[in-house]
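Some notes on the structure that comes next.
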Amino acid sequence: MDYNHKEVEPKWRNLWAETKLYKVENDTSKPKFYVLDMFPYPSGAGLHVGHPLGYIASDIIARYKKQQGYNVLHPMGYDAFGLPAEQYAISTGVHPAISTDENIARYRAQLDNLGFNYDWSRQVKTCDPSYYKWTQWIFLQLFDHYYDTGLDKAMPISALISKFEADGNAQIQAATSQSEYFTADEWNVMTQTAKEEVLMNYRLAYRKVGFVNWCEALGTVLANDEVKDGVSERGGFPVERRPMMQWSLRITAYAERLLSNLDKLDWPEPLKAMQQNWIGRSEGAQMFFDIDGQDLQLEIFTTRPDTIFGATYMVIAPEHDLVPLLTTLDQKAEIEACINYVKNKSERERMAEVKEMNGAFTGSYAINPFNQERIPIWIGDYVLKEYGTGAIMAVPSDDERDMNFAKKYNLPIVDVVDKSNYPGATLHDKLGIIINSDFLNGMEVPAAIQLMFEKMETQGVGSKKINFKLRDANYSRQRYWGEPFPILYDAEGNVHTVPVSELPITLPPLDDFKPTIDGKSPLARLEDWVEVDGMSRETDTMPGFAGSSWYFLRYMDANNDQAFASPEALNYWQEVDFYIGGAEHAVGHLMYSRFWHKFLFDLNLVPTEEPFKKLVNQGMIQGVIESIYLKKSESGDSHFYSEDLIDPQSIADFAKIPVHVDFVSKYGSPESHLNANGIQQFIAWRPEFHNATFHTKEGIFHANDFGSSAKLLTKSEVGKMSKRYFNVVNPDDMVEKYGADCFRMYEMFLGPIEQSKPWDTKGIDGVSKFLRKFWNLIHNEGTLQFTEETPNDQELKLLHTTIKKVTDDIERFSLNTTISNFMICVNELKRMNCNKKAVIVELVKLIAPFAPFIAEEMWLQLGGEGSVHHASFPKVEEKYLIEDTVVYPICVNGKKRDELEVAKDMAPQEIEKLVFEKASVKKWLDQPVKKVIVVPGRMINLVV
RNA sequence: GCCGAAGUGGUGGAAUUGGUAGACACGCUGGACUCAAAAUCCAGUGCCUUCAACAGCGUGCGGGUUCGAUUCCCGCCUUCGGUACCA
């Protein structure tokens, strides 16, 4: 009988659960190690084969560290609030709490199947009131603090109020959106409402106007993800950007620290680079331009004040506050048309369409403070309200986008930088000699920038400023399935916080998850819930990142009801030592978590400034995404077109609607298509398209008369495996067929953990064979067979070479090559006919982190004490590895021609002599030898 | 558009610091065992010319540095991730 995973795996799974093998205690004398996975969103499609890639890797690391004697914290939980559960509720009526629990149960079963060593007593679920109580609590702390830029930390709002009462705000150093100064007297006579308004400009959690994707036809705010090609993904209706009062988090206060602390982190450099660029620190000038004929000033930010004489026009964002004031009667129609057009485009589209920028002249002029010339003020879609001041001076000669805009609208271009002395310098390089620029003429760019800073200050028209691309985080969602805010509004609209003693504010039950007619959150339907003692509750909920920004702290003390975690637990576990997750979280989750952690650090609530010491990005297991083309239409009629009918020119007129890969014939290939059967499945699945027409090469059909030979060609792409693309492959069948050990090792064997690759099961037989061979080292025809003989030198050398390679490879996180090493070792032992217990028992300990089930079974059979997962990891003994000869490759002009085996310590001169005696070398010697290079221990190269 | 990554045989991948390109697997071909099949075992397998090679070519494309480049530099192409309300 061969190895039977169907017997062995369930047996150990149950035993491990019974004996609580993976329970972790906080209080211990051992050194700690915290291994963390990014917790999953429990999607309705279940765990897919991409999830375990990271989980298996972290499980291996956790088990490896345990065997090395660490007390390892390795928890798991669920990021359970989110949009998909709510969408599911809207379409099926199933309450998100129910569908989420079902999904979690399924995830749990799937995770258990894979034999992970999680301590489930520490499970975290972000939608659980006992958890989100603390999410709400942290929000209240953010609300009650401001950022003191002098002390460089968060301070209580009460301290700020005392300062206002004593001195006003002129001396306050703080991260603020406040630009007006007031004295103590002025403050003291302000109404409560006015005071609250001022404080709002300082709080780390504050309210301001933000923009949302509004879909009039659906009567709801859409996530960016629900908008495809400028129309709603559901139904293809127009979407516009609409201002709405929103909660925000002042992450920008932490920009400098988020940037500089990156140095301390053992993170992949590319990821740090992404965060760096996302924060986008730039030094430049804040300048004020007077407006011709009006008592107004336009504030701009530029990194190139030296090019001001090339500023032939100004551009402000179409949403800029000054637009109505600057627009003259003549230009009103044009400006409105432009604003209307821009409203329908997302920010990303606006940034992407560099060649199709849109703008309009406001009719007003700004005055260049250095030569008093009038500069026309335009609005333009390439300037974003949220970045900088939402206004720029455009220098078409020195900026690509300004140049394109100027060309499109025939605006003048004046060269101000002569780069002829700097061949190869691009527009982005701050190099060259200033020309056409009055007092700056002849200066080098960096010197001119310095001079401009001085001039601006003396003339009082501007000053040096550090600007960040990073923007404050929008924290409001007009949705049901999220954390409610612990916030009430009185009749005047003043904000009141709910006392901590009343937390959590639980999410009330609800049957109708659709938004209200005016686009408010579904919670606004619950009048009884909203009205409290003459005040009304905030009906928006918190965004997905709220719960995921601190969950790793909760695992340290998951069941505490007095604090988010006890100081003792926090002090013991400190920070996450090893964090693994997808690179898609590079600037979202990882930035927000760092921000929250720093805030909690400022409040002395956590012991470290950074949450994640070491981070590894696992790649993505990709799937095939199949979609069909829907012609965009205002009328709401749906016309689908076969891919072969669409010419590339008109591709922008179509929206791609993803279809379930199961409906598609020949999916993943260029011939992928929907046939009549596939169309039926599609309509059953997306009934809103039951009246759609389908345009194919074979003719135009409706769903019910789709031609039997007709094909609606689909678009096949490689991409994310995700419920939203309906292309999820589950691990369950694989685990059932091959066992968890095999599945685990196969996913690791696929390639480097960081690399993305499409899912493919072709090679799994190789791993399956390997496990059988490994088992059969001590089994023969189903009976246990091993000897107690002492291993010989050759066997010990093989064993210790393997220990060394495996240890090295785990340390540098190269798990695919670790498995190659196991294969080589087992092949070799088989060749040697070695079934000596002393060798194999070491190998069992070595492989235990990778294949925990088979290792445990073999450990038992070989007479091991307790669990192999508590056995110490083998240590290499160098004395078995000593080699006395070296094989050198002999290369001629860098190409290998022969080999030479010599004693390890032979001198290079002697080696050289031997090389020239080789017959294979001699035939190259009819040409003169220019040089002989001997790299000791490495190689020999002859240059002829 | 912008930021980041990847590209090596028929396939997944290896080559850790500039030093033998293709480890380990999958697949394929041939053979052994078998009435037969599966399983297992043995041999071969980058391409090309070839009786055969120790000949030539070969790490996305085009250049460069070097005795030597998958690895470093410059310029492209393609694909993937992110792009601030998917998670």
Side-chain angles (χ1 to χ4, degrees), chain A residues 2 38-41 43 79 81-84 87 210 212-213 221-227 268-271 273-278 280 347-355 382 386 400-401 424 469-474 476-479 543-545 548 582-589 591 617 619-620 622 717-720 722-724 746 749-752 754-758 760 762-767 769-770 772 808-809 812 814 816-817 819-824 827 887-891 893-899 919-920 923 930-933 935 938-943:
Chain A
D2 262 349
M38 287 184 186
F39 64 168
Y41 175 79
S43 144
D79 187 11
F81 273 134
L83 195 54
Q87 286 169 331
V212 296
N213 302 312
V221 173
L222 296 179
N224 287 338
D225 227 45
E226 299 173 287
V227 182
E269 285 306 319
L271 198 125
M274 272 193 263
Q275 290 221 339
Q276 236 164 52
N277 294 327
W278 184 261
E347 242 175 54
R348 200 183 308 173
E349 285 177 297
R350 281 168 61 176
M351 297 299 277
E353 289 175 12
V354 175
K355 289 187 179 107
Y382 73 106
E386 307 277 339
E400 214 174 326
R401 288 176 305 171
K469 217 181 282 171
L470 182 71
R471 309 198 299 243
D472 282 344
N474 185 342
S476 290
R477 302 291 182 265
Q478 292 69 43
R479 305 198 184 277
F545 71 80
S548 61
E584 68 271 23
H585 297 286
V587 288
H589 160 64
M591 191 73 84
N617 283 129
M620 204 167 302
Q622 292 156 326
E717 293 160 292
V718 168
K720 254 190 186 182
S722 157
K723 198 187 177 199
R724 49 176 291 101
Y746 177 61
F749 189 59
L750 270 177
E754 311 84 14
Q755 202 162 297
S756 292
K757 49 233 147 192
D760 186 0
K762 274 203 294 258
I764 197 163
D765 282 334
V767 176
K769 257 188 240 172
F770 158 76
R772 236 174 297 147
D808 286 355
D809 282 358
R812 68 189 177 96
S814 174
N816 55 329
T817 53
I819 291 169
S820 300
N821 290 325
F822 285 131
M823 288 174 169
I824 292 167
N827 288 343
V887 178
Y888 280 92
I890 303 175
C891 300
N893 292 339
K895 271 265 170 208
K896 184 192 162 196
R897 298 296 171 183
D898 202 355
E899 282 180 353
S920 58
K923 71 178 187 186
K930 285 190 204 148
K931 207 173 180 184
V932 181
I933 295 152
V935 185
R938 279 284 188 188
M939 50 89 67
I940 300 158
N941 195 17
L942 301 181
V943 187

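Order of the sequence lines fixes the chain letters, A, B, ..., with proteins taken first and strands second; residue numbering starts at 1 for each chain.
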Whole-angstrom distance between U11(B) and U16(B), as gauged at atom P | 23 Å
Under 4.0 angstrom, heavy atoms only, what part of the nucleic acid is N816(A) near: base, sugar-phosphate, or nothing?
-> sugar-phosphate
Determine the Euclidean distance between corresponding C1' atoms of A38(B) and U59(B); express it in Å to zero decimal places.
-> 39 Å
Which part of the nucleic acid does I933(A) contact within heavy-atom distance under 4.0 Å: base, sugar-phosphate only, or nothing?
-> base
Applying the 3.5 Å cut-off to both distances, the Watson-Crick or G-U partner of A21(B) turns out to be none
Counterpart base for U78(B), defined by Watson-Crick or G-U wobble contacts under 3.5 Å = A6(B)
Pairwise C1' distance for G62(B) and A23(B), with rounding to whole Å | 31 Å
Report yes if a side-chain nitrogen or oxygen of N827(A) is closer than 4.0 Å to either non-bridging phosphate oxygen (OP1 or OP2) of A25(B); otherwise report no.
-> yes
Given side chains that start at C-beta, do those of S820(A) and F749(A) come closer than 4.5 Å, heavy atoms only?
-> yes
G27(B): syn or anti, per glycosidic angle within 90° of 0 = anti
Shortest non-hydrogen contact from D79(A) to G544(A)?
-> OD1-O, 4.1 Å
R772(A) has its side chain closest, among U40(B), G4(B), A23(B), to U40(B)
Flag the pair L83(A) / E226(A) as yes when at least one side-chain heavy-atom distance between them is below 4.5 Å, and no otherwise.
-> yes
Could you tell me whether M274(A) contacts a base, only the sugar-phosphate backbone, or nothing, with contacts defined as non-hydrogen atoms closer than 4.0 Å?
-> base
Euclidean distance, atom CZ of residue R350(A) to atom P of C2(B) [Å, nearest integer] = 18 Å
Polar side-chain contact N277(A)-C3(B) base: donor and acceptor under 3.5 Å | no
Do you know which two heavy atoms are closest between P889(A) and R938(A), and how far apart they sit?
-> CD-O, 3.2 Å
Separation of C3(B) P from Q276(A) CD (nearest whole Å) | 13 Å
Mind checking the C1' distance from U40(B) to C33(B)? Whole angstroms is fine.
-> 9 Å
To the nearest Å, how far apart are E386(A) CD and U83(B) C1'?
-> 14 Å
Pairing partner (Watson-Crick or G-U wobble, both distances under 3.5 angstrom) of A84(B) = none
Does A43(B) have a Watson-Crick or wobble partner in any strand here, with both distances under 3.5 angstrom, and which is it?
-> U29(B)
Is there any protein nitrogen or oxygen under 3.5 Å from a nitrogen or oxygen in nucleotides 84-87 of chain B, and what are the pairs?
| residue | atom | partner | partner atom | Å |
| --- | --- | --- | --- | --- |
| A84(B) | OP1 | R348(A) | NE | 3.2 |
| A84(B) | OP1 | R348(A) | NH2 | 2.6 |
| A84(B) | O5' | N224(A) | ND2 | 3.3 |
| A84(B) | N6 | K469(A) | O | 3.0 |
| A84(B) | N1 | R471(A) | N | 3.1 |
| C85(B) | O4' | R477(A) | NE | 3.2 |
| C85(B) | O4' | R477(A) | NH2 | 3.2 |
| C85(B) | O2' | N224(A) | N | 2.4 |
| C85(B) | O2 | R479(A) | NH2 | 3.3 |
| C85(B) | N4 | Q246(A) | OE1 | 3.4 |
| C85(B) | N4 | Q478(A) | OE1 | 3.1 |
| C86(B) | OP2 | D225(A) | N | 3.0 |
| C86(B) | O4' | D225(A) | OD2 | 3.1 |
| C86(B) | N3 | K720(A) | NZ | 3.2 |
| A87(B) | OP1 | L83(A) | N | 2.9 |
| A87(B) | O3' | D79(A) | OD2 | 2.6 |

Starting at atom CG of L750(A), determine the distance to atom P of A14(B), rounded to an integer number of angstrom.
-> 11 Å
Separation of atom CD in Q622(A) from atom P in G81(B), rounded to whole Å | 6 Å
Which whole number of Å gives the distance between the C1' atom of U20(B) and that of A14(B)?
-> 14 Å
Paired with G58(B) by Watson-Crick or G-U wobble geometry, both distances under 3.5 Å: which nucleotide is it?
-> none
Flag the pair R350(A) and E386(A) as a salt bridge only when some basic side-chain nitrogen lies within less than 4.0 angstrom of an acidic carboxylate oxygen.
-> no
Which atoms form the tightest heavy-atom contact between D809(A) and R812(A), and what is the distance?
-> OD1-NH2, 3.1 Å
Heavy-atom nearest nucleotide on RNA chain B taken for I764(A) and for P758(A); more 5' hit belongs to P758(A)
Considering all heavy atoms of both residues, which atom of Q275(A) and which atom of A586(A) are nearest to each other, and what is their separation?
-> NE2-O, 2.8 Å
Any chance you could measure Q276(A), atom CD, to L271(A), atom CG, to the nearest 0.5 Å?
-> 11.0 Å
R938(A), nearest nucleotide to its side chain (from G19(B), G81(B), A23(B)) | G19(B)
Give the rounded distance in Å between these two atoms: CG of N941(A) and P of G19(B).
-> 13 Å
Rounded distance in Å between the P positions of C73(B) and C86(B) = 35 Å
When you measure from the side chain of I824(A), which nucleotide among C67(B), G19(B), A23(B) comes out closest?
-> A23(B)
Hey, is the side chain of K769(A) poking within less than 4.0 Å of OP1 or OP2 on C26(B), counting only N and O atoms?
-> yes
Within this structure, what is the CG-to-C1' distance between N821(A) and A25(B), rounded to whole angstrom?
-> 13 Å
If pairing means Watson-Crick or G-U wobble with both distances under 3.5 Å, then the partner of A14(B) is none
Could you measure between the two P atoms, the one in U45(B) and the one in A53(B), and give it in whole Å?
-> 9 Å
P atom, G60(B) versus G12(B): distance in rounded Å?
-> 13 Å
Verify the contact: side-chain N or O of Q755(A) to OP1 or OP2 of G13(B), cut-off strictly under 4.0 Å; return yes or no.
-> yes
By ring-ring contact (aromatic ring centres under 6.0 Å, His included) - contacts of Y746(A) (at least two apart) = none
Which base, if any, makes a Watson-Crick or G-U wobble pair with U71(B), both distances under 3.5 Å?
-> none
Considering heavy-atom distances to RNA chain B, does V767(A) or A583(A) have its closest nucleotide positioned more toward the 5' end?
-> V767(A)
Give one of base, sugar-phosphate or nothing for F770(A), where a contact means two heavy atoms less than 4.0 Å apart.
-> nothing
Atom pair distance, as rounded to whole Å: CE in M939(A) and C1' in A15(B) | 14 Å
Checking side chain to side chain contact (heavy atoms under 4.5 Å, CB included) for the pair M823(A)/V767(A): CA distance, chi angles, key distance, verdict?
-> CA-CA 9 Å; M823(A) 288 174 169; V767(A) 176; 4.3 Å; yes
